[in-house]
> 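Can you keep this structure in mind? I'll have questions shortly.
The first residue of the sequence shown is numbered 1, and numbering continues consecutively from there.
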Amino acid sequence: MTGVQQPAPRAGRETVARHARETRHPLIRALSVVGVVVAVLATSIAGVAAYTVWDTVSALEDSSVELVGNEVLPPSIGEIEGGVNVLLVGSDSCEGQDISLFPRCANNDAEGERNDVTMLVHISDEPRRVTVVSFPRDMIVPIPSCPDGEGGQYSAMSAQPLNASYMYGGLPCTALTIEELTGEEIHFAAAIRWTGVIDMSDAIGGVDVCVAGDISDVHTGLSLTEGEHTLQGVQALQFLRIRHGIGDGSDLGRISNQQQFMSSMVRKLKSDAVLGDPQTLLRFATTAVDLTRQDPPQLVLSSDLANPMRMVQIAMAAKDVPFEDIVFVQYPTEYDADFVHVLPVRDAADVLFAALRENQAVTLTGEASQGYGVEVRGEVEGGETAEPAPEGEAGAEEPDAAPEGETGGEAAAPTERVELPSQIAGTTAAEVTCTRPES
């Protein structure tokens, strides 16, 4: 395999933490975790599940894992202070899965558990913005020395696919790997398995997606006709896993397809259909807690996230962010010589993470997808997107011009925005995207 180091033997559009252990294939769990972070929090914000808090605390803490180097702070009432980085992982473990839904789990190709979905959710300090960075599973990166979960350490490796990090050291190892790659500290982390995705999508009542043409994939069993569909349960999982039959058939196309699902899910979670429905909110929160209690757990949280009050704090920081300031991007890559794995484009990525550290708004200049997975059809109507200003008038966010001879001062200065390099593909939650059939 070009550029890939063999595993070393075990040796014994800011910057935060370290990590735990877990196993291989579909990339769908992290998406659901975004829902967990956004919706379980929304549940508490709405005051629906307050009476379950203490029982929930016990359930979550029992199944949580420690991130390396994190100082766990006691949660408090109110919006969390400062910027926050949350790592979301979707793993492909066959533990606890329905064999009839996942035939691969009945064979011997299911050894090990890998992070097939890896996302970093950055919630900025004031003014609040949300940036979700998706990392390709086949990206070749250094993996640092990680705890093996049994008191020892795995040796560092200079070149491995990113999705091997979870197999070597679970959630803590994936967190350490992303920290080393990005220079960002990870404060909180969560991982979800297949059953968790199915149950969470059911709890919210499905997610609306758009397909630009008929798609069919024998690998996942999903077939959809052109148009809009509301997906939940197994179909939602299939949609998040699908790679063959969309875009260029690569994991890069699948990432943008997942981001379409997430963007639509965020809009639904923030709508009256969820926030205005106490039963839906309570069902969503209860489902998340139940997933942590299963044996084996289908949802794993880092110990500092395994507290509903902490979740509420995070949610309060993100709840009022407008759709146009919720940005989904793909970590920039280029293909390796084998045209299977991809390599980081660090210069472009550095621009993104420097902007996040400086709390600067970003403007997307690249395509919607690195793998031609989606196309932009327009913007959401109503909701939180700003209405376009009439011709000749300044937009709502434009500052008033200072009188001639006077300076406007800091309050009048427009928000400084950073144009991301074109190598960084992505969209915002204000954009409506459709999955493109494989050409």
> Kindly indicate, with the supporting measurements, whether the criterion side-chain contact (heavy atoms from CB on, under 4.5 Å) is fulfilled by Ser201 and Leu237.
CA-CA 8 Å; Ser201 64; Leu237 180 64; over 6 Å; no

> Measure across Leu171 and Ser302 and return the closest heavy-atom pair with its distance rounded to 0.1 Å.
CD2-N, 4.4 Å

> Within the 4.5 Å heavy-atom criterion, are Asn115 and Leu162 side-chain neighbours or not?
yes

> Closest approach of Arg377 and Cys434, non-hydrogen atoms and distance?
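In terms of heavy atoms, the two residues are closest at CG-SG, 3.5 Å.
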
> Output, in order, the C-alpha distance, side-chain angles, deciding distance and verdict of side chain to side chain donor-acceptor pair (under 3.5 Å) for Ser263 and Glu431.
CA-CA 8 Å; Ser263 184; Glu431 293 175 301; over 6 Å; no

> Under the side-chain contact (heavy atoms from CB on, under 4.5 Å) rule, what do Arg137 and Val117 come out as? Steps first, then yes or no, please.
CA-CA 7 Å; Arg137 65 173 190 173; Val117 176; over 6 Å; no

> When you measure from the side chain of Asp336 to the backbone N and O of Asp338, does any donor-acceptor pair fall under 3.5 Å?
no

> Using side-chain heavy atoms (C-beta onward) and a distance below 4.5 Å, is Leu252 in contact with Tyr335?
yes

> Nearest heavy-atom pair of Arg241 and Arg254: which atoms, and what distance?
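Here Arg241 and Arg254 meet closest at O-NH1, 2.6 Å.
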
> Give the C-alpha distance, both sets of side-chain angles, the deciding distance and a yes or no for side chain to side chain donor-acceptor pair (under 3.5 Å) between Thr225 and Asp214.
CA-CA 4 Å; Thr225 56; Asp214 296 351; 5.0 Å; no

> Please report the closest heavy-atom contact between Ser250 and Gly371, naming both atoms and the distance.
OG-CA, 4.2 Å

> With the side chain counted from C-beta on, respond yes when Thr435 and Val209 share a heavy-atom pair under 4.5 Å apart, and no when they do not.
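Side-chain contact under 4.5 Å: no.
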
> Are Ile198 and Asp202 side-chain neighbours, meaning at least one heavy-atom pair lies under 4.5 Å?
yes

> Hey, are the side chains of Leu299 and Met200 touching, using non-hydrogen atoms and a 4.5 Å cut-off?
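No; the side chains remain at least 4.5 Å from each other.
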
> What heavy-atom pair brings Val342 and Pro136 nearest, and what distance separates the two atoms?
CG2-CB, 4.0 Å

> Before giving the answer on side chain to side chain donor-acceptor pair (under 3.5 Å), spell out for His122 and Asn85 the whole-Å C-alpha distance, their side-chain angles and the decisive distance to 0.1 Å.
CA-CA 5 Å; His122 173 80; Asn85 289 318; 2.8 Å; yes

> With heavy-atom distances below 4.5 Å as the criterion, would you say the side chains of Lys270 and Phe323 are in contact?
yes

> Looking at Ser264 and Gln260, would you say the former's side chain and the latter's main chain have a donor-acceptor pair under 3.5 Å?
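Absent.
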
> Using atom types as modelled and distance alone, determine if a side-chain donor or acceptor of Glu379 lies under 3.5 Å from a backbone N or O of Ala430.
no

> Does the side chain of Phe239 come within less than 4.5 Å of Val207's, by heavy atoms?
no

> Within the side chain of Thr287, is there an N or O that forms a donor-acceptor pair under 3.5 Å with the backbone of Asp290?
no

> Rounded at 0.5 Å granularity, tell me how far NE2 in His187 sits from CD1 in Ile123.
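It comes to 11.0 Å.
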
> Taking atom CD of Glu81 as the centre, does the number of heavy atoms from other residues, nucleotides or ligands within less than 6.0 Å exceed 12?
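Counting other residues, nucleotides and ligands, CD of Glu81 stays at 12 neighbours or fewer.
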
> Can you tell me if Asn257 and Arg243 form a side-chain donor-acceptor pair at under 3.5 Å?
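The criterion, which ignores hydrogens and geometry beyond distance, is not satisfied for Arg243 and Asn257.
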
> Quick one: CD1 on Ile80 to CZ on Arg310, what's the gap to the nearest 0.5 Å?
5.0 Å

> If I take atom OG1 from residue Thr177 and atom CD1 from residue Ile186, how far apart are they, to the nearest 0.5 angstrom?
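Separation between the atoms: 8.5 Å.
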
> Rounded to the nearest 0.5 Å, what separation is found between the NE2 atom of His244 and the CG atom of Leu222?
13.0 Å

> Measure the spacing between CD of Glu416 and CD of Gln360 and express it to the nearest 0.5 Å.
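Atom-to-atom, Glu416:CD and Gln360:CD are 4.5 Å apart.
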
> Under a 4.0 Å threshold between the charged nitrogen and the carboxylate oxygen, would Arg417 count as salt-bridged to Glu419?
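Looking at Arg417 together with Glu419, the answer is no, because their closest N to O distance does not fall below 4.0 Å.
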
> Determine whether Val374 and Gln259 make a side-chain contact, defined as any pair of heavy atoms from C-beta on separated by less than 4.5 Å.
no

> Drop me the distance from Leu352's CG to Ile424's CD1, to the nearest 0.5 angstrom.
5.0 Å

> Does atom CD (Glu228) have a neighbourhood of more than 12 heavy atoms from anything else shown, all under 6.0 Å?
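At most 12 heavy atoms, drawn from other residues, nucleotides or ligands, come within 6.0 Å of this atom.
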
> Does the pair Lys319 and Arg128 meet the rule for a side-chain contact (heavy atoms from CB on, under 4.5 Å), with working shown?
CA-CA 9 Å; Lys319 69 184 179 68; Arg128 298 291 191 181; over 6 Å; no

> Tell me whether Glu226 contacts the main-chain N or O of Gly213 through its side chain, where contact means a donor paired with an acceptor under 3.5 Å.
no

> So which atom in Tyr154 and which in Ser145 form the shortest heavy-atom distance, rounded to 0.1 Å?
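Shortest heavy-atom contact: O-OG, 2.9 Å.
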
> Could you walk me through whether Leu231 and Leu224 pass the side-chain contact (heavy atoms from CB on, under 4.5 Å) check?
CA-CA 10 Å; Leu231 305 181; Leu224 294 175; 4.2 Å; yes

